[in-house]
Amino acid sequence: MLWLLSVLRSAIFYLIYVSGTLLIALVFFSLVFFTPKRFRHHFYLTWCQFTLVSLKAICGIRWEISGLDNIPEQPVVVLSNHQSGWETFFLYKLLFPVCPILKKELLDIPVWGWALRVQNPIAIDRAKPREASRSILTQGVERIHEGMSIIIFPEGTRTPPGKYKKFSRGGAKLAIAAHSPLLPVAHNAGHYWPAHKFIKHPGTVKVVIGKPLNTTKGDDSELTAVAETWIRQQLTEINSPAM
């Protein structure tokens, strides 16, 4: 019975999510040429808020945050583990304004892709990892200097809870190049929004925000290792019975 209820809730969520996404994109695209440039990022924020509210109301996915005081007032480079789609919405909302990093093929989607394109995101080609890394570094520095944070998932792909992949050094390199703090974030969203799964499970996502790392000290390898170790420790604590 609980499984059937989860299926029904997930189906309702996707129905509302797809229709709402299309509506938001149409409204935005009709207004974008008559509004200030800053408005473009509020479009993405509205979409993220809409998705999170829908998940909470329909699927019962809530969140609990610790370490909010660790978020600097200046733009940052965020290093977060990647378990699901949930954190892409949540971290954008939490750290707004943020410059999205996305697959370039998403820009070709009718209406939705057009709305994304005018936001001037960092669009990368995953089939060309070296070129993608260069784009993130050069464009990322520009966006940070424009006042936007950058979210990096150093595992490179979604990793199920309990499994780990070695972190890439791209986020640390970007933070060093931009003279920006490196902010580690850990969460267990994969338990409630499993990657590549239709069914969403009710529960509370735990999010832990660490202290920002000073990028004027240490190299990219050292900073990445510190962030990776901290995130793995937090995931162990989050998933322990005591939590």
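Everything numeric in this text was worked out from a predicted model, so none of it was measured. Quick note: numbers below take in every heavy atom, side chains included, and nothing from hydrogens, waters or symmetry partners.
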Engineer: Is there a chain of hydrophobic side chains (I, L, V, M, F, W, Y, each step under 4.5 Å between heavy atoms) that links V226 to I209?
Structural biologist: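 As far as the 4.5 Å side-chain criterion goes, I209 and V226 are not connected within one cluster.
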
Engineer: Considering the options E87, E155, K165, which one meets the side chain to side chain donor-acceptor pair (under 3.5 Å) requirement together with H82?
Structural biologist: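 That would be E87.
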
Engineer: Is the centre of the F50 ring less than 6.0 Å from the centre of the W47 ring?
Structural biologist: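 Between W47 and F50, which both carry aromatic rings, the centre distance is not below 6.0 Å.
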
Engineer: Please check if the side chain of S10 supplies one atom and the backbone of K200 the other of a donor-acceptor pair under 3.5 Å.
Structural biologist: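 A pair under 3.5 Å: yes.
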
Engineer: Please determine whether side chain to side chain contact (heavy atoms under 4.5 Å, CB included) holds for the pair I122 and I150, giving the CA-CA distance in whole Å, both sets of side-chain angles, and the decisive distance to 0.1 Å.
Structural biologist: CA-CA 10 Å; I122 300 175; I150 303 290; 4.1 Å; yes

Engineer: With rounding to the nearest 0.5 Å, note down the distance linking CZ in R143 to OG in S180.
Structural biologist: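 Between atom CZ of R143 and atom OG of S180 there are 15.0 Å.
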
Engineer: Is any side-chain heavy atom of I71 closer than 4.5 Å to a side-chain heavy atom of L94?
Structural biologist: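 In short, these two side chains touch, coming nearer than 4.5 Å.
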
Engineer: Are L79 and L137 joined in one hydrophobic group, where the rule is that I, L, V, M, F, W and Y side chains link up if heavy atoms are under 4.5 Å apart?
Structural biologist: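 Yes; tracing contacts between hydrophobic side chains, which count when under 4.5 Å, links both residues.
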
Engineer: Which heavy atom of S80 sits nearest to which heavy atom of I231, and what is that distance?
Structural biologist: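 Looks like CA-CD1, 4.4 Å.
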
Engineer: Look at the aromatic rings of W86 and H187 and report parallel, tilted or perpendicular, splitting at 30° and 60°.
Structural biologist: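 The rings of W86 and H187 sit tilted, inter-plane angle from 30° to 60°.
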
Engineer: What's the verdict on side chain to side chain contact (heavy atoms under 4.5 Å, CB included) for V205 and R62, showing C-alpha distance, side-chain angles and the deciding distance?
Structural biologist: CA-CA 6 Å; V205 179; R62 297 170 171 80; over 6 Å; no

Engineer: Nearest heavy-atom pair of Q83 and G190: which atoms, and what distance?
Structural biologist: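 Smallest interatomic distance, heavy atoms only, reads OE1-N, 2.8 Å.
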
Engineer: Search all heavy atoms of H145 against all heavy atoms of A178 and return the closest pair with its distance.
Structural biologist: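 Taking H145 first and A178 second, the nearest heavy atoms are NE2-O, 3.6 Å.
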
Engineer: Would you indicate whether the side-chain heavy atoms of F198 and Y14 approach each other to under 4.5 Å?
Structural biologist: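 With C-beta onward as the side chain, the pair touches.
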
Engineer: Please step through side chain to side chain contact (heavy atoms under 4.5 Å, CB included) for the pair W193 and L55, ending with a clear verdict.
Structural biologist: CA-CA 10 Å; W193 182 331; L55 274 171; 3.3 Å; yes

Engineer: With the side chain counted from C-beta on, respond yes when I124 and K104 share a heavy-atom pair under 4.5 Å apart, and no when they do not.
Structural biologist: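 Sidechains of K104 and I124: no contact.
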
Engineer: Once the angle between the rings of F13 and Y17 is folded into 0 to 90°, is it parallel (under 30°), tilted (30 to 60°) or perpendicular (over 60°)?
Structural biologist: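 Correct class here is parallel.
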
Engineer: Hydrophobic clustering (ILVMFWY, side-chain heavy atoms < 4.5 Å, transitive) - are L8 and V18 grouped together?
Structural biologist: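 V18 clusters together with L8.
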
Engineer: Measure the spacing between CE of M148 and CG of L95 and express it to the nearest 0.5 Å.
Structural biologist: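 Between atom CE of M148 and atom CG of L95 there are 13.5 Å.
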
Engineer: Rounded to the nearest 0.5 Å, what separation is found between the OG1 atom of T21 and the CD1 atom of I24?
Structural biologist: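 Reported value, rounded in 0.5 Å steps: 6.0 Å.
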
Engineer: Taking all non-hydrogen atoms of both residues into account, name the closest pair between Q74 and H179 and its distance.
Structural biologist: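 Heavy atoms only, the tightest pair is NE2-O, 4.3 Å.
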
Engineer: Are P121 and L107 side-chain neighbours, meaning at least one heavy-atom pair lies under 4.5 Å?
Structural biologist: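 Yes, their side chains come closer than 4.5 Å.
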
Engineer: Do T88 side-chain atoms and G85 backbone N/O form a donor-acceptor pair below 3.5 Å?
Structural biologist: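 Yes; judged by distance alone, with no hydrogens or angles, the pair exists.
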
Engineer: Assigning hydrophobic clusters by single linkage (Ile, Leu, Val, Met, Phe, Trp, Tyr; side-chain heavy-atom cutoff under 4.5 Å), is V76 placed with L182?
Structural biologist: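 No, it is not one cluster - the side chains of V76 and L182 are not joined through contacts under 4.5 Å.
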
Engineer: Check the pair F28, H42 against ring-ring contact (aromatic ring centres under 6.0 Å, His included), reporting the backbone distance first and the verdict last.
Structural biologist: CA-CA 10 Å; F28 169 77; H42 283 277; over 10 Å; no

Engineer: Restricting to non-hydrogen atoms, name the atom on K206 and the atom on N188 that form the minimum distance, rounded to 0.1 Å.
Structural biologist: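 Nearest pair, atom of K206 first, then N188: N-OD1, 2.8 Å.
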
Engineer: Side chain of T159, backbone of Y164: donor and acceptor closer than 3.5 Å?
Structural biologist: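 No, the answer is negative, given that no donor and acceptor are paired below the 3.5 Å cut-off.
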
Engineer: Heavy atoms, side chains only, cut-off 4.5 Å: are P202 and R9 in contact?
Structural biologist: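 A side-chain contact under 4.5 Å exists here.
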
Engineer: Side-chain heavy atoms nearer than 4.5 Å, only ILVMFWY residues, links allowed to pass through others: does that put V98 and W63 together?
Structural biologist: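 Yes, same cluster.
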
Engineer: Quick one: pull up CD in E228 and CZ in R232 and give me the separation to the nearest 0.5 Å.
Structural biologist: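 It is 4.0 Å, given to the nearest 0.5 Å.
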
Engineer: Measure the shortest side-chain to side-chain distance between L91 and F153 over non-hydrogen atoms and say whether it is less than 4.5 angstrom.
Structural biologist: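 Yes, side chains in contact.
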
Engineer: Take F90 and I65 through the side chain to side chain contact (heavy atoms under 4.5 Å, CB included) test and state the conclusion after the steps.
Structural biologist: CA-CA 11 Å; F90 177 79; I65 315 170; 3.4 Å; yes

Engineer: So does I199 get a backbone contact from the side chain of S6, meaning a donor-acceptor N/O pair under 3.5 Å?
Structural biologist: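 No: the side chain of S6 does not pair with the backbone of I199.
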
Engineer: Check whether any side-chain N or O of Y92 sits under 3.5 Å from a backbone N or O of P100 as a donor-acceptor pair, and report yes or no.
Structural biologist: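 Checking the backbone N and O of P100 against the side chain of Y92, no donor-acceptor pair under 3.5 Å is found.
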
Engineer: Give every donor-acceptor pair under 3.5 Å between a side-chain atom in residues 218-225 and any protein atom, sequence neighbours left out.
Structural biologist:
{"unit_1": "D219", "atom_1": "OD1", "unit_2": "S221", "atom_2": "N", "d": "3.3"}
{"unit_1": "D219", "atom_1": "OD1", "unit_2": "E222", "atom_2": "N", "d": "2.8"}
{"unit_1": "D220", "atom_1": "OD1", "unit_2": "R169", "atom_2": "NH1", "d": "3.2"}
{"unit_1": "S221", "atom_1": "OG", "unit_2": "R169", "atom_2": "NH1", "d": "3.2"}
{"unit_1": "T224", "atom_1": "OG1", "unit_2": "D220", "atom_2": "O", "d": "2.7"}

Engineer: With a 4.5 Å heavy-atom cut-off, do R158 and H196 have their side chains touching?
Structural biologist: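 A side-chain contact exists here, since the closest heavy-atom pair is under 4.5 Å.
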
Engineer: Let me confirm one number: the OG-CD1 distance from S84 to I61, rounded to the nearest 0.5 Å.
Structural biologist: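 These two atoms lie 8.0 Å from each other.
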
Engineer: What are the two closest heavy atoms between P184 and K211, and how far apart are they?
Structural biologist: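 Looks like CD-O, 3.5 Å.
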
Engineer: Going from CG on L174 to OG1 on T215, what distance comes out if it is rounded to the nearest 0.5 angstrom?
Structural biologist: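 Rounded to the nearest 0.5 Å, the CG-OG1 separation comes out at 9.5 Å.
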
